[in-house]
2 protein chains.
Amino acid sequence: MTDPAITGTDLSRLRELNSLTVVRALRTQPPATVTELAKITGLSRPAVDVIAQGLVTDGWATVVEPGATSVVGRPARRYRFRATAGHVIGVDVGAHKILALIADLDGNVVHTARRAVTPEADPDERLAALDEILATSLAEAGMTPPDIWAVTVGVTGPVDATGKTTLFTPLPGWRAVDLPAHLSDVFTCPILVENDCKLAALAERWQGAAQDANDIVYLLAGMRNGAGLIIDGVLRRGFGGAAGEIGALRAVRWLSAPSHLQKCPGVPPTVSPDDAAAWVFNAAREGNRDARTAVSRYVKDLAVGTAALVLALDPQVVVFGGGFSRSADLVLDQLSRELQKLCLRLPEVRASSLGADCVALGALRLALDEVDQRLFTLGLSAPVAPLRT
Amino acid sequence: MTDPAITGTDLSRLRELNSLTVVRALRTQPPATVTELAKITGLSRPAVDVIAQGLVTDGWATVVEPGATSVVGRPARRYRFRATAGHVIGVDVGAHKILALIADLDGNVVHTARRAVTPEADPDERLAALDEILATSLAEAGMTPPDIWAVTVGVTGPVDATGKTTLFTPLPGWRAVDLPAHLSDVFTCPILVENDCKLAALAERWQGAAQDANDIVYLLAGMRNGAGLIIDGVLRRGFGGAAGEIGALRAVRWLSAPSHLQKCPGVPPTVSPDDAAAWVFNAAREGNRDARTAVSRYVKDLAVGTAALVLALDPQVVVFGGGFSRSADLVLDQLSRELQKLCLRLPEVRASSLGADCVALGALRLALDEVDQRLFTLGLSAPVAPLRT
DNA sequence: CATACTTTGTAAACTCCATAGTAATATTGG
DNA sequence: CCAATATTACTATGGAGTTTACAAAGTATG
């Protein structure tokens with residue numbers, strides 16, 4: 001009924017806002033004194049003092065009693081954000097593997113679990129593997145589902161508003177899978193499902209090659225190409241969750257791009273189709289002419305779709321990620337030259353600096369964002385797992 | 001030094017926040033009583049009362065003394081937002097014309113001025129025409145430059161962060177023009193320069209065909225094609241201001257699309273090249289086979305670039321605007337069918353509902369947004385024109 | 001080892017804002 | 001003219017942050 005944007009503020013809300021301000025300041029870095037916090041927030045020392053004490057009693061912060069200091073004056077109590085008050089889970093459900101990470105509220109990974117699956121596994125099999133890896137992860141980390149404040153699962157293919165990949169996904173039978181419904185048997189906290197490229201983009205901005213950028217086109221380059229878009233610092237999903245799926249347009253040749261590598265003449269028959277690309281990249285690095293030609297054609301095709309995204313969005317950075325990013329040394333320069341030819345303004349082209357965990361890392365980031373968003377809009381009550389709305 | 005995001009709030013700021021809340025409520029619609037405002041804002045009646053009186057003394061609101069009412073009880077004073085406290089200017093500097101609108105803070109247009117220029121006019125000539133139309137507009141509206149709180153000028157071509165069209169513009173010699181610098185001789189208020197397609201997109205969301213949508217791809221279709229992108233409700237410019245310039249990519253055939261119309265066989269030699277497209281659309285409407293084929297080819301080519309934008313962004317709505325939108329009846333259905341073939345998820349395709357003023361209207365909207373943004377972040381002091389920062 | 005000095009922690013007085021409750025006022029209907 | 005009703009004006013109350021003052025806990029210095 002009432003628009004929250006035009007809702008008046010009363011005194012208690014003011015206290016809440018200032019508490020959140022102090023929490024934000026606390027989270028910026030290591031244990032801080034009341035005086036430091038007062039300087040950061042612009043509040044007075046007494047105000048910060050009572051707020052900090054309130055945060056301690058609520059469980060959002062802990063006190064670090066003063067140790068040996070080398071400065072003049074009375075040693076100050078230090079307050080630290082209690083990152084272990086809650087945890088989040090980020091999962092990457094891929095064709096070949098499932099990777100689950102558990103992290104605290106600061107994003108420190110406290111548990112990692114990996115499990116291989118076959119690409120042909122049917123949904124029941126894959127879901128069973130997912131359930132199993134989640135159960136053992138929780139057990140090994142000494143946690144129970146109520147300790148988890150948010151879960152994000154990364155999957156291949158565009159994810160709609162209900163968390164399903166109804167439009168398309170390469171995983172067999174996976175289109176009908178309702179992951180939020182499935183996981184809600186175990187977790188009462190918010191459950192998010194997101195496309196793997198988009199999550200990788202988030203990870204790259206969080207801890208990877210694009211930490212300084214707010215406008216990012218992330219390329220997940222491999223046997224399948226995908227893209228994740230961060231615009232004005234926020235991951236954009238599009239109205240139906242299908243933003244970045246430029247590969248569907250035949251005119252931009254993303255579908256055919258990897259085939260240049262697979263069909264490169266000279267690949268030994270002993271190399272499996274899955275490993276052909278890696279072989280070609282290696283051969284190209286050693287000077288094989290056919291391989292160099294194949295890579296060149298691959299980059300040329302990749303550049304067309306990338307140029308379409310770059311022209312559409314005019315990003316600051318293009319991040320070359322995905323399985324092929326290990327061979328970024330062979331790709332980056334030429335990709336940049338091709339984009340120069342095709343685009344109005346050339347963005348920086350960088351190689352991904354994260355490994356194969358990047359999708360799961362991005363899933364963590366999205367879960368943490370969800371927690372933060374609830375915190376800063378709904379206010380901080382006692383630190384317990386939020387309920388799904 | 002200090003991050004405004006983690007700045008504490010004190011009591012006076014709280015009053016300011018609540019004042020802004022009341023202003024927002026006032027602006028939602030017609031003169032409101034204190035009781036109504038209290039209900040909307042959630043504040044108590046006395047609080048709203050003192051705030052409203054403060055707004056009146058500051059000049060942000062006016063009192064409407066009660067007239068004849070048909071309800072029981074003492075008639076209530078009504079408060080109205082004083083939209084005439086300030087005004088903004090929106091200008092469309094096109095190849096053929098300059099259009100200047102003056103509007104109050106509610107967006108009501110209070111003055112309109114149009115002036116023809118030749119496409120070949122050099123920058124000095126065009127700037128002189130701009131200065132002249134601005135001067136006469138102000139004079140006719142009975143205003144002086146200090147009465148203007150923000151000015152937006154729409155131009156063709158991507159606009160960089162400094163307000164220049166250094167990358168590209170079809171206006172001769174215009175790339176070197178520094179509009180903000182030029183206009184700052186007259187105005188001390190914020191001066192914005194923006195791409196015409198982007199402004200038209202804003203207008204369409206403000207008063208046109210896409211008022212309900214937050215994710216919009218706007219097509220400015222004419223002898224030149226352009227696009228404006230609204231994502232999550234906000235106009236996106238891209239890192240260098242060149243977002244939406246998909247037309248630069250040859251693979252998507254936007255450059256060649258209008259030539260199908262111009263080169264259509266059967267156009268009488270009496271028709272000027274500028275009017276050829278209109279002739280073809282009319283002929284197609286009357287059943288001319290050649291014309292229908294030309295239109296069909298035009299739409300096919302237009303659809304490729306549009307599909308690239310749709311796949312990249314996954315918008316809710318595609319708005320077909322620009323000069324050709326008068327012939328939307330011939331285009332929309334087929335465009336929709338082509339997009340259906342090319343895209344993963346088909347967005348709604350709608351025709352623009354605004355006329356040739358849409359760029360200037362969008363310029364007004366951007367200027368109003370600038371004013372609002374300053375209001376709601378910097379707080380409301382006395383209602384006077386803000387200074388450029 | 002005592003003193004001066006510096007910084008932190010805490011309490012009190014003060015200001016400002018919103019709320020709640022009450023009295024006064026103005027209008028309509030009987 | 002009086003009762004009912006809704007608005008406006010006024011006062012008291014409580015909460016939150018700031019300022020000021022002072023005690024407490026250390027280090028530096030003679």
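Here is how names work: the chains are called A, B, and so on, in the same order as the sequence lines, proteins then strands, and each is numbered from 1.
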Atom [atom1] of [X] to atom [atom2] of [N]: distance rounded to whole Å?
X	N	atom1	atom2	value
A:Glu16	D:dG15	CD	P	17 Å
A:Leu17	D:dG15	CG	P	18 Å
A:Arg13	D:dG14	CZ	P	25 Å
A:Leu14	C:dT15	CG	C1'	14 Å
A:Leu43	D:dT18	CG	C1'	10 Å

A:Asn18 side chain N/O closer than 4.0 Å to the phosphate oxygens (OP1, OP2) of D:dA16?
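No, because none of the side-chain N or O atoms of A:Asn18 sits under 4.0 Å from OP1 or OP2 of D:dA16.
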Should B:Arg15 be listed as having a side-chain N or O under 4.0 Å from OP1 or OP2 of C:dA18?
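So the side-chain polar atoms of B:Arg15 do come within 4.0 Å of the phosphate oxygens OP1 or OP2 of C:dA18, strictly under.
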Are A:Ile230 and A:Val234 packed together at the side-chain level, in the sense that at least one heavy-atom pair is separated by less than 4.5 angstrom?
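Counting from C-beta outward, A:Ile230 and A:Val234 never come under 4.5 Å.
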Is the shortest side-chain heavy-atom distance between A:Gln316 and A:Ile216 below 4.5 Å?
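SC-SC contact between A:Gln316 and A:Ile216 ruled out.
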DNA chain D stem ranges, 3 or more consecutive Watson-Crick or G-U pairs under 3.5 angstrom:
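The stems are C:1-30 with D:1-30.
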Find out whether the Lys NZ or Arg CZ of A:Arg24 is both under 6.0 angstrom from the six-membered ring centre of A:Phe81 and within 45° of the ring's axis.
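No, cation not above the ring by the 6.0 Å, 45° rule.
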Between A:Arg82 and A:Trp60, is NZ or CZ placed under 6.0 angstrom from the six-membered ring centre and within 45° of the ring axis?
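Not flagged: A:Arg82 not positioned over aromatic ring of A:Trp60.
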Go through D:dT19, D:dG15, C:dT19 for me and flag the one nearest to the A:Ser44 side chain.
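Shortest atom-to-atom distance from the side chain points to D:dT19.
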side-chain contact (heavy atoms from CB on, under 4.5 Å) partners of [X], counting only residues at least two apart:
X	answer
B:Ser353	B:Glu204, B:Ala209
A:Val110	A:His87, A:Ile102, A:Met143
A:Leu192	A:Thr152, A:Leu366, A:Glu370

Under 4.0 Å between a Lys/Arg side-chain N and an Asp/Glu carboxylate O for B:Arg365 and B:Asp369?
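Result for this pair is yes, salt bridge flagged.
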Check salt bridge (Lys or Arg N to Asp or Glu O under 4.0 Å) between B:Glu194 and all other residues, then give those that pass, not counting sequence neighbours.
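So B:Glu194 forms a salt bridge (Lys or Arg N to Asp or Glu O under 4.0 Å) with B:Arg237.
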Just by protein heavy atoms under 4.0 Å, how would nucleotides 5-14 of chain C read 5' to 3' in B, S and -?
-BBBSSB---
